[in-house]
Amino acid sequence: MAYIEPAPIKDKGNPFESMMSRFNIAAQHLGLSEQVYNVLKTPSKQVIVSLPVTMDNGSIRVFEGYRIIHSNILGPSKGGVRFDLDVNIDEVKALAAWMTWKCAVVDIPFGGAKGGITCNPREMSAGEMERLTRAYTLAMNGVFGEDRDIPAPDMGTGPREMAWMMDQYSRAQGTTVNSVVTGKPVVLGGSLGREEATGRGVMISAMAAMEKLQINPFNATCAVQGFGNVGSWAARLLQERGTKVLAISDISGAYYNEEGVDISKAIEFRKENGGSLEGFPGAESISSEEILLLDVDVLVPAAVEDVITEDNAKDIKAKLIVEGANGPTSSKADAILNEKGIWSVPDILANAGGVTVSYFEWVQNRLGYKWTKDRVNRRSDRIMKTAFDRVYKTSQKYNTSLRIAAYIVAIDKVSKTYEYRGGY
Ligand code: GLU
């Protein structure tokens, strides 16, 4: 079914404006009052810090770090910290707002935030990364807090950086506070199942959408763009459920095998090859642009923002897009995909499995207790499925795409909570 939606109000390739154009459409559907609209569109706090760090060669480099709290209406703000050369304030603002909507869609009691440092982790030693992470955590004293703002991993960061953050924050407090950050190594109070949680949620969303579209996962094919934590887990779990993964890609290029790529082998290869798929023997090389245009049932963009744009959307052949990345589809591309009848399970729903298990990690740390992996998976699967069903129902009620429906669900929840709490 093709959906007709009002044209996006603004789209200049700026991620914050791209987020806002969807927000605006959902706000119109909900008839949001101007006052509440103004509150929800503005980040509640924006912190920019300069971080002088001694590099291994003795020189001092100054990095710029950000933490943007978009909203704490639903609870303490939650969101990852990104280390990447492309990090800039507009991107972090958009990512922070997406966290607000994401937490609201899966109905967990957190607001939204995001952090970032403009740097190239690929070119930094472990010592440099540690000093940078500790400097950032110290600079965020008064921002981070187990009941205030809780960071987590994102692009360029992982359990190692979360351990440093937890340690640095705990030193400043004079006591161990493991609930101040999630995505920690399991020995430090990380949750079982957190590592695969985002990819697992992508798989659950893909299965739920395939069921609605009457695509049998056992006969289905898929392509996964991006082979980091999210993409590789999504690919592995989809393959485990019978879906043939025809292509995968990372920064080194894209790899295609019409019989299906063996994902376990690709993960093994990547591990032995310094984290890259370059030279992967189990598939033929194709161009990075081509992977998005393959004739597959399911396309999982799990890399960066703005890869599906008005330039390539018309050539996409997948029936279903499941967004592992944040913001992979531009708002102008939405209209083209809707017209072609291609379904998108949007980022704020499809990749919410990560923050859901982050919430479980925080709950376990607060309880001083540990859940089994089975319990974590069962509960997160249930949350993801319930969220999908709620978004699907909303899309039917408002005759809108799943993306706009997800924004409607989220904005409705946050705005109602705001109205009950009241302003002054
Ligand atoms: N960075 C992840 C995201 O974009 C996880 C955030 C979290 O666990 O707080 O959803």
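First listed ligand is number 1; within each ligand, the first listed atom is number 1. Sequence positions, counted from 1, serve as the residue numbers for this chain. Values below: all heavy atoms of this structure, side chains included; hydrogens, waters and symmetry mates excluded.
- Those atoms of ligand 1 with a heavy atom of S358 less than 4.0 angstrom away are 7 (C), 8 (O), 9 (O).
- By the 6.0 Å and 45° rule, K212 stacks over the aromatic ring of Y392.
- Taking the ring centre of W164 as origin, the terminal cationic atom of R131 falls outside the region bounded by 6.0 Å and 45° from the ring axis.
- Scanning the protein heavy atoms around atom 7 (C) of ligand 1, the nearest turns out to be A152 CB, 3.3 Å.
- Scanning K78, K102, R194, R82 for the heavy atom closest to atom 5 (C) of ligand 1 points to R194.
- Contact of the T182 side chain with the K78 side chain is registered, since non-hydrogen atoms from C-beta on lie closer than 4.5 Å.
- Of the heavy atoms in V357, none comes closer than 4.0 Å to ligand 1.
- Those atoms of ligand 1 that come under 4.0 Å of a heavy atom in N326, given as number and element, are 4 (O).
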TODO: Dump the intermediate steps for side-chain hydrogen bond (donor to acceptor under 3.5 Å, both in side chains) on Y66 and E64, then the final yes or no.
DONE: CA-CA 7 Å; Y66 310 93; E64 188 149 276; 2.8 Å; yes

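- With a heavy-atom cut-off of 4.0 Å, P153 touches ligand 1 through its backbone alone.
- The residues D250 and R270 are annotated as not salt-bridged, no charged nitrogen and carboxylate oxygen being separated by less than 4.0 angstrom.
- Heavy-atom proximity to M99, at under 4.0 Å, picks out these atoms of ligand 1: 3 (C), 4 (O), 6 (C), 10 (O).
- The residues R82 and E91 are annotated as salt-bridged, a charged nitrogen and a carboxylate oxygen being separated by less than 4.0 angstrom.
- Note: an N/O pair closer than 3.5 Å links K114 and ligand 1 by distance alone.
- Proximity of G79 to ligand 1 is established by a heavy-atom distance of less than 4.0 Å.
- Between K385 and D381, none of the side-chain N atoms (NZ, or NE/NH1/NH2) sits under 4.0 Å from a carboxylate O, so this pair counts as no salt bridge.
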